[in-house]
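Naming: A, B, ... by sequence-line order, numbering from 1 per chain.
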Amino acid sequence: MFDIMTVFESFVEILKVVPKTLLLALIILVLSFTLGAMITYIQSLNIPVVRQVIGVLQSFLRGTPNVVLLYLVYYSLPLVLAWFLGLFNVTFDPTSLNSTAIVIVTFSICYSVFQSEIIRGALHSLDKDQIEAAQSLGYSTTQVLRKVIIPQVMVEALPDTMNAFLIIIKALSLAFLVTVVDIFAQARLVGAQSFSYLEAFVAAAFVYWGICVLLTYVIDKLENRMRRGYA
Amino acid sequence: MLNIENLNLSFGDHKVLDDISLEVKKGEVITFIGPSGTGKTSLLRCINLLEKPESGRITLGGLTYDFGSITKKETLNLRRKTAMVFQQYNLFKNKTVLENVMDAQIVVQKKSKKAAHDKSMKELARVGLDGKADAYPHQLSGGQQQRVSIARALAVEPEVILFDEPTSALDPELVGEVLKAIGEVADSGMTIILVTHEMSFAKDISDRVIFMDQGRVAEEGPPEQIFNHSESARTQQFLRKFYTTTH
Ligand SMILES: Nc1ncnc2c1ncn2[C@@H]1O[C@H](COP(=O)(O)OP(=O)(O)OP(=O)(O)O)[C@@H](O)[C@H]1O
Ligand SMILES: [Mg+2]
């Protein structure tokens with residue numbers, strides 16, 4: 001029988017891992033954004049071989065399901081690390097690598113490709129006239145960056161980046177595969193304990209949805225604030 | 001006060017400015033006229049170093065800068081002594097009118113907020129826009145936006161203001177208010193280098209008019225000479241063509 005009380009209890013249990021899930025997603029977002037910015041920068045330099053290699057890598061990341069990538073990293077990263085540290089005569093036990101670290105590495109790489117596209121788009125829409133106005137008034141390169149370029153790029157990249165944040169939160173439901181407990185994994189645990197999977201997953205769905213609604217609201221407010229002055 | 005010597009600029013193998021020399025006295029209003037693609041905009045952009053000439057020297061405010069060996073620091077220094085009013089206004093879109101005028105004073109000149117605010121309101125009043133201080137650029141007409149950009153230029157107290165066709169992006173009925181603002185800037189004793197196609201305005205406001213053709217100074221003199229008694233066949237031809245196509 002479907003029991004609404006159990007849904008509520010599961011909900012409370014699941015809420016406990018929300019902060020951890022959000023923090024994980026935030027770390028991944030920041031890392032993937034940084035990595036994405038680096039990719040955008042390197043690609044803009046147009047170095048012959050490097051350009052193609054990154055292109056192939058991007059295509060590979062785009063064409064491979066997150067689950068597959070997660071397992072790939074899970075099984076290969078510890079070995080690669082052990083080998084790499086071995087070069088410097090540092091001994092490293094491959095089994096000691098934290099699963100959370102593996103999730104972070106996998107998703108950061110995965111979403112860097114998308115972030116790179118977002119940043120490229122935002123840079124593309126930069127208004128050169130405003131940059132020249134600032135330069136003509138004697139702004140230094142860093143002042144132009146801080147006062148003119150970054151505010152513009154932020155406004156342009158914000159909606160897509162927030163979207164990416166929501167996608168990452170949802171994608172983290174795969175993390176249970178490598179024993180990291182996020183919202184979805186917690187729902188499975190709660191469901192297993194009370195033999196009431198349906199209630200647990202209903203609760204999980206509401207938690208995800210709630211986060212989405214809340215974040216969308218905050219971001220809309222933020223965007224409206226930052227977009228003041230844009231017709 | 002402003003002295004340009006042997007300025008040369010090329011884009012690829014296209015020579016855009018060919019050995020330009022120019023001396024401007026304090027408070028003088030100099031107007032450049034000439035056919036399209038002749039290098040008028042490029043010259044203003046060189047004075048402001050938005051374009052880097054390959055050779056030449058400029059003296060401004062008692063310091064001489066050699067374009068061939070100019071450093072980053074000198075570049076900023078020279079830019080801080082000049083201000084540019086662009087054809088498309090180039091206002092900061094996400095800042096209010098007041099912030100547009102204040103920003104450089106705070107960021108570049110490191111003035112206090114209060115000092116920058118007071119100075120900005122004063123300059124906005126001069127162009128008749130103190131009532132629009134809290135509006136965003138897109139809420140203003142083109143003429144009002146251009147007047148804000150004039151206030152922004154005035155607010156940093158430059159040695160010279162460079163105007164590049166400040167009215168050519170405007171609807172005809174808005175040209176007058178901007179010309180009036182420029183006239184008042186000239187009356188206040190500001191040194192001005194102006195590029196325009198508004199010939200009658202040029203005639204009224206200028207101390208000296210320079211006709212530029214294919215990257216060179218073809219003729220220069222008082223407005224009366226250039227417009228009415230030009231000695232150069234090219235100038236006469238340009239003005240004749242100009243008046244028959246636009247009037
Ligand atoms: N960034 C650039 N790269 C290459 N060529 C350029 C560049 N900027 C200007 N030019 C060329 O330099 C020449 C002078 O251009 P400039 O804009 O200075 O002319 P102008 O006298 O201001 O013309 P107009 O009256 O149409 O504004 C033109 O032939 C133009 O095509
Ligand atoms: Mg021009």
### Query
With chain B, which of A:S140, A:A133, A:S136 has the greatest number of heavy-atom pairs at distances under 4.5 Å?
A:S136
### Message
Is B:F86 in contact with chain A via its backbone, its side chain, both, or neither, using a 4.5 Å heavy-atom distance?
### Response
side chain
### Query
Is chain A contacted by the side chain of B:L78, its backbone, both, or neither, given a heavy-atom distance below 4.5 Å?
neither
Is a side-chain donor-acceptor pair under 3.5 Å present for [Y] with [X]?
X: B:N77; Y: B:E74; value: no
X: A:S32; Y: A:S112; value: no
X: B:S10; Y: B:E54; value: yes
X: B:S168; Y: B:Q87; value: yes
X: B:N48; Y: B:T82; value: yes
X: A:R120; Y: A:S44; value: no

### Query
Quick one: which residues of residues 147-165 of chain B reach chain A at under 4.5 angstrom, heavy atoms only?
B:R152, B:V156
### Query
What residues of residues 99-115 of chain B sit under 4.5 Å from chain A when only non-hydrogen atoms are counted?
B:D103, B:A104, B:V107, B:V108, B:K110
#### Entry: From A:L15, A:V17, A:V18, residue fulfilling side-chain contact (heavy atoms from CB on, under 4.5 Å) relative to A:Q186
A:V17
### Distance (rounded to the nearest 0.5 Å) between A:K170 NZ and A:F184 CZ
14.5 Å
#### Entry: Pair A:T161-A:I118, side-chain contact (heavy atoms from CB on, under 4.5 Å): steps then yes or no
CA-CA 7 Å; A:T161 301; A:I118 293 170; 4.0 Å; yes
### Task
Take A:F11 and A:F206 through the ring pair (Phe, Tyr, Trp, His ring centres under 6.0 Å) test and state the conclusion after the steps.
CA-CA 8 Å; A:F11 191 83; A:F206 276 103; 7.5 Å; no
### B:L170 vs B:Y89, side-chain contact (heavy atoms from CB on, under 4.5 Å): CA-CA, chis, key distance, verdict
CA-CA 10 Å; B:L170 297 175; B:Y89 340 126; 3.4 Å; yes
